[in-house]
Each structure stands twice: as structure tokens, then as C-alpha cells.
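Some notes on the structure that comes next.
Fair warning: this is a prediction, and the values are worked out from it, not measured in the lab. Chain A is the first sequence line, chain B the second, and so forth, proteins listed ahead of strands; every chain is numbered from 1.
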Amino acid sequence: MQKLNFHEIERKWQKTWEESQVYNAEVDFTKEKFFVTFPFPYMSGSVHIGTAYTLTRLDVISRFKRHMGYNVLFPFAWHWTGVTIAGVSDRIKRRDQQTIKILRDIDGVPEEIIYKFEDPFFMARYFTENNREAIKKLGIGIDWRREFHTTSDDQCYSKYVEWQYFKLKEGGYIKRGKHPVVWCPRCKSVTGDHDRLSGEGVFPIIFNLVKYKLKDSDAFLVAATLRPETIFGITNVWLNPNADYVEARVNGEKWIVSKSCVEKLKDQLRDVEVISSFNGSLLLGKYVLTPLTGKEVPILPASFVDPDLATGVVYSVPAHAPYDYMALVDLKKNKEVLKKFNLDSSIVDGLQPISLIKTERFGINPSEVIVKELGIQNQNDPNLERATSEVYREEFLHGVLLENTGEFKGLLVKDAKVKVAEVLKEKGLADEMLELPTPVICRCGTRTYVKILPDQYLLDYSNKEWKEKAKRCLSKMRIFPEEARINFEWFIDWYDDWAFVRTSGLGTKLPWDDKYLIETLSDSTIYMAYYIISKFVNQGYLKSSNLTLEFFDYVILGKGNPKDVARRSNIEESLLESIRKEFDYWYPVDLRNSGKDLIANHLTFYIFHHVAIFPEDKWPKGIAVNGFMKLGGQPMHKSKGIFVSIKDAIKKYGADVVRLTCLISADGLDDPDWNDEVVNSAFQNLNNIYESFLMLSGAKVSENDTELDLWLSSKVREHIKTAITSLNEVAIRKAAVEIFFNFRNTLKRYVRRRQELTLTPTLKKALNAWVVMMAPFTPHFAEELWRILGNNSLVVKERWPREEDFIENKLANLKEDYLDSLLSDIQNVKKIMKEKPSKIKIFVASEQKREIARFVALKFAEGKRDNEIIKEVMVAFKDRTSSISYKDLPKSVLRLVEKIRSMGFDTFMNALDKITEDEFLISSSNFLKKDLELEEVKIIKEDSKEAAPYEKAKLSEPLRPSFILE
RNA sequence: GCGGGGGUUGCCGAGUUGGGACAAAGGCGCAGGACUUAAGAUCCUGUCCCAUAGGGGUUCGUGGGUUCAAAUCCCACCCCCCGCACCA
């Protein structure tokens with residue numbers, strides 16, 4: 001058999017497409033446009049098969065739309081903005097071996113080139129060129145004339161970003177304010193998730209600070225807590241006797257906090273002045289006054305207190321906090337500790353847990369219960385972490401406050417929490433600070449904390465009106481899959497002000513304050529409009545100096561007088577007009593497709609910025625999202641070596657195999673998986689199709705259709721319909737399965753059913769349709785098949801087959817279904833026979849049985865119950881049943897009703913009336929013989945003489961013949 | 001914690017909106033047969049359990065419920081995955 005050389009045909013067709021410029025899109029008012037975009041990939045490395053997954057999905061849609069007669073635009077660009085590229089450059093400068101290894105082994109960069117990556121722009125350019133090749137080789141139908149990249153390296157694009165930010169400023173979408181970040185005091189910079197040695201995924205939360213007045217002093221011991229409601233159960237305050245504390249003036253009050261808290265308070269914009277420093281043990285044995293309840297409680301030592309967490313002061317609620325409980329138990333058990341600090345042991349004698357919350361699971365003394373359950377020995381037991389979270393969770397969800405909580409009694413913990421904190425704050429007895437709940441360590445090894453940056457430039461995403469506008473846009477948009485919509489809604493609501501400038505990395509400068517660069521997500525929100533302009537830039541018609549604010553105002557917003565704008569921007573008026581015309585034709589984006597991760601950021605920004613700047617008719621129309629490609633079940637991870645680049649995949653398997661693997665592997669938000677098995681099966685699949693295609697198309701041509709072609713036509717029609725419906729819903733896997741499996745199975749069955757295969761007109765038409773349907777998925781392969789069918793045109797430009805090209809024939813379908821169900825009955829019996837049969841006698845039900853069936857069906861349709869139907873049949877056929885014994889009637893009626901119910905009345909009646917069973921079976925007997933490997937097939941009517949000797953004949957039912965295998 | 005998605009037969013994965021033809025599509029894997037010198041590929045058949053005649057039994061995370069009828073509807077619970085702001 002002839003084998004396909006995928007690489008060869010791919011090279012051939014890619015060249016042909018390029019020469020005939022099929023993917024270059026120009027304005028054409030006779031056609032409806034369809035504009036698709038893909039979020040430009042970031043150029044710090046090679047594009048991988050995850051990118052291929054999302055990209056090929058979009059390519060399928062864009063090609064499908066072209067087949068459907070749309071004028072399709074699919075442009076592409078590159079993302080260079082941000083700190084990652086610069087970060088890699090820095091690591092190369094430092095000769096970081098890990099980075100070099102990844103670039104060399106994973107990205108396949110030659111060693112001598114790696115050192116040139118000290119220049120971040122060189123690196124970005126290198127990857128851009130390499131990745132462009134990879135994407136071209138994948139056969140994505142892109143209009144490459146519109147390519148560009150971000151950052152100041154592309155001055156024209158920078159101009160566009162500048163215009164965007166002037167617009168946002170004008171519109172009042174930018175403000176200045178405070179912004180909290182995770183901060184490394186040593187690096188003096190923000191510590192992002194990826195800059196952490198440990199503590200990934202940890203983010204700041206608000207701690208309540210409760211102020212306990214120190215008895216006989218004007219200073220407050222400031223304790224941090226996440227459970228302000230437990231203040232009613234306080235028995236004492238804990239300090240770490242081995243840690244340093246300070247007394248400091250904080251915004252006019254005297255606070256006592258751990259020494260390491262001072263910097264945090266300063267960095268959270270408080271005015272802090274340290275008065276004195278001392279060891280924690282100094283205050284032990286003194287008393288503080290509790291807010292709200294006015295009790296006096298002692299200050300005691302506890303080693304579990306972390307001076308680096310929040311204020312380093314903890315108030316003790318032993319009943320509900322396992323840590324506090326164990327620390328108290330420890331003290332009572334081990335009075336040596338008290339002695340060491342010159343404390344009288346009686347100080348702890350009176351301290352008993354005070355319960356203030358009740359839950360079903362733990363009752364009123366959760367600490368005691370859980371400590372016992374987990375067998376915890378002392379306050380340094382690591383299990384206390386778990387104990388704490390279990391109690392916390394249970395009480396938060398189901399806890400109710402007891403009598404001793406005054407005005408808060410009876411409240412649920414989750415409500416009381418908020419109320420108590422409010423009341424305390426109102427009375428000046430509490431404050432709050434931001435803190436990381438668990439330690440976050442910077443790459444440099446330093447423990448980080450939360451700093452509030454003042455005077456940040458912020459995008460005002462908290463603005464209600466802006467949110468409303470964004471939601472209005474969303475409500476008019478198509479979202480694929482629809483389940484993702486709720487995510488968008490949530491994120492639009494959730495977004496708070498966004499700090500959009502940085503001081504490091506690559507990017508475009510903030511036009512009115514050039515200390516700052518616009519950060520990576522914020523410079524890439526509305527760039528799809530720039531694709532219209534970049535074509536003119538690339539063709540040499542526009543230079544950065546032409547791209548004035550008025551120019552963009554006119555082209556994108558239609559503002560201003562073209563004559564004046566043209567003069568001031570120093571370009572031809574006609575050129576300006578045609579750019580505007582093109583923009584107006586192509587915009588908005590009809591479909592943007594990306595991985596689901598971008599819902600939370602880029603895609604939501606995309607909506608926000610469009611509604612801020614563009615008129616409503618230019619708002620985005622549709623977004624599709626999909627899952628992430630996994631490798632052998634694992635997420636891709638360069639440093640672990642779990643990575644396959646597009647280039648390598650194509651080299652190994654060929655583009656169409658890579659494409660088909662991607663396209664058939666998942667749909668919706670599911671994550672597809674890339675492994676040898678699935679890739680090989682795609683490879684095999686295409687080869688099989690190729691072989692059978694050669695066989696089919698090479699069959700002897702016949703002028704006339706056979707009866708089976710009626711069925712074929714019906715089936716093809718279904719395949720076309722399902723494929724179209726699926727593609728319209730961006731259910732690409734579903735469409736691919738329909739085309740590459742179901743359609744193929746139809747053809748397989750067709751071949752099996754034909755006695756002698758010939759290329760009938762319908763078969764030929766079906767093959768043509770099939771190839772066009774394959775083209776969006778495996779375009780090179782399809783071009784090849786298209787030629788085999790004797791066509792000279794390019795299949796990628798062909799019209800998609802229409803349903804009406806293939807006539808539906810219900811009767812043909814019914815007949816084939818009838819035959820299939822008979823076949824499966826026979827197979828079933830064959831299976832349980834000891835010996836292989838060689839003959840079959842098939843008995844077709846008598847006329848009278850058909851009459852009864854019709855009678856039953858009509859009664860069923862009238863809505864009669866089973867019993868009524870039986871009665872009526874009994875009456876109607878009382879004296880004239882011959883082929884069926886009178887006493888068997890009820891059972892037989894019930895079976896019929898069951899069948900009618902399952903087939904549906906219409907289908908049943910149709911089959912009953914239109915299929916002449918004996919004739920059809922006789923005409924199919926050669927097929928039965930061959931398919932069942934029998935030597936003799938006999939069709940016998942139940943009411944014929946020949947049937948008389950056979951008991952089995954009586955078991956025949958309409959549409960369900962009985963048979964004897966022997 | 002908050003928000004989202006999901007648990008289907010050896011595996012992947014349809015089916016769940018609108019309950020009925022569901023022992024549950026399709027693919028993969030596995031078994032048998034055909035073809036072949038042979039292997040691979042391909043084609044046919046089978047693949048929950050029982051059954052020497054088309055039958056019966058038990059299944060769709062767990063436990064209840066509604067219904068003539070539930071993978072599909074309702075309630076409760078368990079488990080898994082993803083995101084949560086300066087990485088893009």
C-alpha cells in the first residue's frame with residue numbers, strides 16, 4: 001500500500017497556499033467578515049503543544065468559517081512585555097546553569113547563541129523567529145502581513161499603547177492610590193509567586209489587632225487575631241519570652257508589639273517611633289485589661305508564639321484554640337517555667353478555659369476534645385496546626401455564640417466575627433493589619449511581609465459603572481463553552497484596583513510619567529485593533545511619527561476631520577480614509593480563543609478596556625476558552641523536563657498528525673493529554689483513511705446509484721449537520737469525532753453492505769464532501785485527497801457541503817436499522833451456540849400479526865393503557881387468530897407496546913407500513929450469507945406452508961423475524 | 001477560606017438541558033477469527049455477571065427520595081482538579 005509522507009505534502013501545500021495568498025484577508029463588502037484572534041504568545045521560550053492545542057482549535061474555526069463563505073481574518077503577533085524575558089537575560093549574565101540547561105536542552109537553543117541572550121531583545125527576537133517558523137509549519141492559516149511585537153522595541157505599537165492610556169486617563173479610568181504587595185525587605189522588591197523559595201500561593205489576609213491596655217500604664221499590648229469573636233473567652237495574653245518586643249508610638253498611641261512588627265507597621269503606612277526595646281519576658285506576670293469585658297488577665301510565656309507573625313502578641317482562648325489550650329496545660333504541668341520567670345505558680349491556678357461557642361461536633365470545649373482525639377502532647381506538637389484548622393472550620397461554619405457573649409449571643413460565628421470586630425473598631429479598641437498567614441520566603445532566603453505601596457498608578461477596576469459596562473458587554477457576547485460565562489461574571493465583580501505600572505522589565509513607558517513602564521497584562525488589552533494598522537506599518541505606509549493621538553482617534557473612534565488629521569499626522573488623506581474603512585469593516589473581534597487561565601486576567605481586562613475606550617458596536621463579540629495540554633497526565637513544566645515544543649512534535653509526527661491529536665483530544669474546559677498512544681493513533685488514523693480513500697476513489701465508476709446510496713446520502717446528511725452544529729458551538733472534538741470516526745464508519749459499513757463496490761455518483765459526492773469537512777482539521781492531508789478525487793482547486797477555499805446536497809431517506813435508514821437489529825439478534829444466538837452454524841431459516845411475521853401490531857399502535861397513540869389495549873385486542877381478534885394462539889395474545893401485545901414505546905409511534909408505523917420484510921430480506925440474503933459466514937439463507941413467511949413444521953416460526957413478530965440457526 | 005469545574009462500564013470519553021429505544025455512542029486496550037511466509041497494518045466478532053436460542057441479573061462517587069420508569073430530577077454527604085492579582 002502507498003504510504004503518505006506527511007512532511008513532504010505539508011511542505012508542498014504550505015508553499016502553494018503562500019503563493020496563492022489564501023490567508024491574506026482584504027476588505028470585501030460582498031462578504032460577511034469574521035475576525036478571529038489568539039492571545040499572542042510570550043517570547044521567553046519555544047511555543048509548545050499547549051499553544052498548538054489552543055491555536056489549532058482557533059484555526060479550525062477560522063477555516064470552517066472560510067468554508068462557510070465568510071471573509072476571515074486571522075492575524076498574529078508576539079508578546080515581549082514584562083520581567084520574565086529580562087529575568088532570563090539576567091540569569092544568563094550570572095551564568096545560571098539551570099537556565100542555560102533549559103534553554104539548551106528544552107528549547108533547543110545552540111550554546112553559542114544562548115550567551116547572546118544577555119540582550120533581552122535579542123532573545124525575544126530569536127524566539128519570535130523560531131516560533132514563527134513552528135507556527136507556519138503547523139499550517140495555521142494566518143495573515144502574516146500584520147505581524148508585530150510589543151514593547152518600546154516596536155515604536156509603532158508603543159504609540160498605540162500610549163494612545164490607549166491617554167484615552168483611559170481622559171475617561172477617568174486611572175487613579176492613584178495605595179496598593180498592598182508581598183514585599184522582600186532585603187531585595188527591596190515585590191515577591192511574586194514565582195520569586196518564592198517557599199510559600200507559593202500564599203496571599204495577604206487581614207488580621208484584627210485587639211488593643212489590651214497594660215494595667216498601670218498608658219500602653220497597649222496589641223494582639224493579632226483572626227477570631228475576634230473569641231475575645232469573650234480570653235484567659236490571658238501570651239508573649240514569646242525569647243523574642244524582642246518594643247514599645248512604640250504608633251499614630252499617637254503607645255503600642256507594644258514584637259520588634260519585627262515595627263517595619264511592617266511602617267510599611268503599612270503607619271507613623272511608628274520606637275520608644276524602647278526589651279525582651280518579652282520583661283512583661284510576664286503583669287496584667288492587661290480586656291476590652292468590652294473589662295477583666296484583668298495575666299501575661300504569660302508561650303514558646304509557640306511567632307514574633308514574626310503579625311504583632312507577635314497573642315491573646316489566649318484555651319477553650320477554642322488548641323494552641324492556647326496546650327500552652328496552658330504545659331504551664332500548669334511544668335511550673336519550673338513560671339519559676340524561671342519569677343512568677344508565682346498560683347498565677348495559672350485559677351485559669352480555666354472559658355467556653356463561648358457551641359457546635360454539634362465538639363460541644364463547648366473543642367480544644368479539649370480535639371487534643372485528645374489527635375493525642376497531642378505539648379504546645380510544640382505539629383498536629384496542633386491541624387487541630388486548629390479543624391476547630392476553626394467547624395466553628396466558623398456551624399458554631400453559635402453562648403450566653404456569656406452579651407449582645408452577640410445566639411449569633412453564628414461567621415456573623416459574630418464581623419460584628420465583634422466592627423464594635424471593637426468603633427470603640428477604638430481594635431485596628432487591623434495585613435499579614436501572610438503562613439511564612440513566605442523570598443528566593444534570597446528572606447522572610448517577606450505585606451507592604452502597602454503608596455501613590456501607585458491604578459486602573460480603577462473597582463469602579464461600579466465600569467463593571468456594569470463590562471457586564472453589559474459580556475451579556476451580549478457568545479462564550480464557549482457557556483459554563484465559562486459565570487467565571488467572567490465573577491471576575492468582573494471581584495476585580496479591585498489594578499496597579500498597572502512597574503519599574504523593571506520590558507515594555508512601553510507610561511507616556512506622562514516615564515519613570516514607569518506599563519505592565520505586561522495592561523499593555524495587551526486592545527491590541528487586536530492594531531492588527532488593522534500594523535499591516536500599513538509593515539507595508540511601509542506608516543511610520544511611528546505618523547501615529548499621532550489624532551490618527552488613532554480618527555481610525556478607531558472615527559473622531560475628527562480626516563483632512564485635518566491627515567495633515568497633522570503627515571499622511572495622505574486617502575490612506576487615512578482607507579485605514580479607517582478597513583478598521584470599520586473588520587472590527588470588532590468575532591472570536592478570541594485562549595486557554596482557560598486567561599479568563600481570570602487577560603480576557604477580563606480585554607472586556608474592561610474595550611468598553612472603556614470603544615463604542616458599543618466595536619465591543620468584542622465572542623470568546624472561546626479551552627483546557628491545558630498535559631503531558632502523560634502531568635502539567636507541562638520546563639524545569640522538570642515535561643515539555644514538548646511544536647517544532648519537535650512536527651518534526652517527529654508531521655503537522656496534520658499533531659493537529660489531529662490536539663483537535664480530537666478534548667473539548668470545553670477539559671484538559672487534553674498528549675502521549676505516544678494518542679499521537680500514534682492519530683497517525684494511524686490518517687494513514688488508514690488514506691488507504692481506504694484510495695480504495696474507494698479507485699473503484700470502478702458506475703453511472704447509477706444503488707438502493708444503498710439512499711442510505712448513504714441520509715447518513716452523510718447527518719454527519720454534515722452534526723459537524724456544523726458542533727463547530728458553531730466550538731465543540732471541536734465533537735466535530736472531529738463526527739468527521740474522522742463516524743463519517744468513516746458510515747463508509748466502512750457502506751463498503752461492507754455493497755456486494756460489489758463501485759464508485760456511484762452519491763459515493764463520489766460523499767467523498768468530496770468528506771474531504772472538505774476534513775480540511776479545517778488536517779488541511780494538508782485534505783488537499784492531497786482532494787487531488788486524488790480529480791479536483792484542481794484548493795480545498796481550503798472550497799464551499800462547505802450543505803445538508804440539502806444530501807437527501808434524507810427515512811425508509812432507507814429504517815431498513816438498515818432493521819437489518820442491524822436482526823444481525824445483532826443472530827450474532828447473539830451464534831455466540832451461545834456450541835457449534836458454528838452453516839444455515840439459517842428466517843421467519844417473517846404473518847399478515848395478521850402485522851394487523852394486530854397496527855391495531856395496538858393506534859390504540860397506544862390514543863393514549864390507552866396497556867390493560868385496555870389488551871382487552872380491546874382480545875375482543876377485536878377473538879375468533880380469528882390463526883398464527884397466534886388466543887391465550888398468547890396478552891403477552892404479545894405487551895411486547896408490542898414496549899417496542900412502540902421505545903421506537904416511538906411514528907417510526908414504528910413507518911417501519912411497519914413501509915418495510916416489506918420478506919422482500920427486503922431476500923434482497924439482502926447475499927449480504928447476510930457473507931456477513932454471517934453461512935452457506936445458506938432462507939427467508940420464509942410465517943403464514944406460508946413451508947413454515948408450518950417449525951414451531952419457531954410462531955415466535956416471529958412484525959419487524960422482528962424469528963430464525964433457526966443450524 | 002472564596003469561586004469554578006468534575007466523579008460513567010479496564011482506560012479515555014459521549015450521554016445529564018427537556019427522565020423512557022441505556023448494559024449505556026465512539027476511540028484505545030484486550031481476546032478470538034480472516035488476511036499474510038511472518039510481524040505490523042487492515043477487516044470481522046467478542047469484551048459487567050450468568051445462560052447450548054435472541055433470555056435473566058447487577059451497574060453510571062455514596063446514601064436517601066420523587067416516578068409506571070432515573071446515569072439523567074430533588075435532598076444530604078464524600079472525593080478529585082483548577083484559579084485567587086504584579087508570572088504571563
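Dashed line: the shortest gap from a side-chain N or O of Lys748(A) to OP1 or OP2 of C43(B) is under 4.0 Å.
Using Watson-Crick or G-U wobble geometry with both donor-acceptor distances under 3.5 Å, G29(B) finds its partner in U47(B). Applying the Watson-Crick and G-U wobble criteria (two distances, each under 3.5 Å), U37(B) pairs with nothing in any strand. G1(B) and C84(B) make up a base pair, with Watson-Crick or G-U wobble contacts both under 3.5 Å. With both pairing distances under 3.5 Å, U52(B) is matched to nothing as a Watson-Crick or G-U wobble pair.
To the nearest whole angstrom, the two P atoms, one in A34(B) and one in A53(B), are 26 Å apart. Comparing the C1' positions of U72(B) and G7(B) gives a spacing of 15 Å, expressed to the nearest Å. Only the C1' atoms considered, U36(B) is 26 Å distant from U47(B), to the nearest whole Å. When the P atom is used for both U52(B) and U16(B), the distance is 38 Å, rounded to whole Å. A gap of 15 Å separates the P atoms of G63(B) and U8(B), to the nearest Å.
Both tests do not hold together for Lys952(A) against Phe843(A): distance to the six-membered ring centre under 6.0 Å, angle to the ring axis within 45°.
The side chain of Arg960(A) lies closest to G55(B), out of G1(B), A88(B), G55(B). Of all nucleotides listed (A53(B), G4(B), A85(B)), A85(B) comes nearest to the side chain of Asp496(A). Nearest nucleotide to the Gln827(A) side chain, out of G27(B), G46(B), A85(B): G46(B).
Toward the 5' end of RNA chain B, the nearer of the two residues Arg744(A) and Glu966(A), judged by each one's closest nucleotide, is Arg744(A). Comparing Asp670(A) and Ser956(A) by the nucleotide of RNA chain B whose heavy atom lies nearest to each, the residue mapping closer to the 5' end is Asp670(A).
Using a 3.5 Å distance cut-off with no hydrogens or angles, the side chains of Thr508(A) and Asp523(A) do not pair a donor with an acceptor.
Across Ala666(A) and Pro672(A), no two heavy atoms sit closer than the pair CB-CB, 3.6 Å.
Here Ile205(A) lies out of heavy-atom contact (under 4.0 Å) with every strand. Residue-level contact check: Ile664(A) touches neither bases nor backbone, having no heavy atom under 4.0 Å from any strand. Across all strands shown, Asn745(A) has heavy atoms under 4.0 Å from sugar-phosphate atoms exclusively, and none from any base. Asn688(A) comes within contact range of the sugar-phosphate backbone alone, with a heavy-atom separation under 4.0 Å but no base atom that close.
The ring-ring contact (aromatic ring centres under 6.0 Å, His included) with Tyr527(A) is formed by just one residue from the set Phe40(A), Tyr606(A), Trp78(A), Phe605(A); it is Phe40(A).
Classification of the Trp494(A)-Phe491(A) ring pair by plane angle, with boundaries at 30° and 60°, yields perpendicular.
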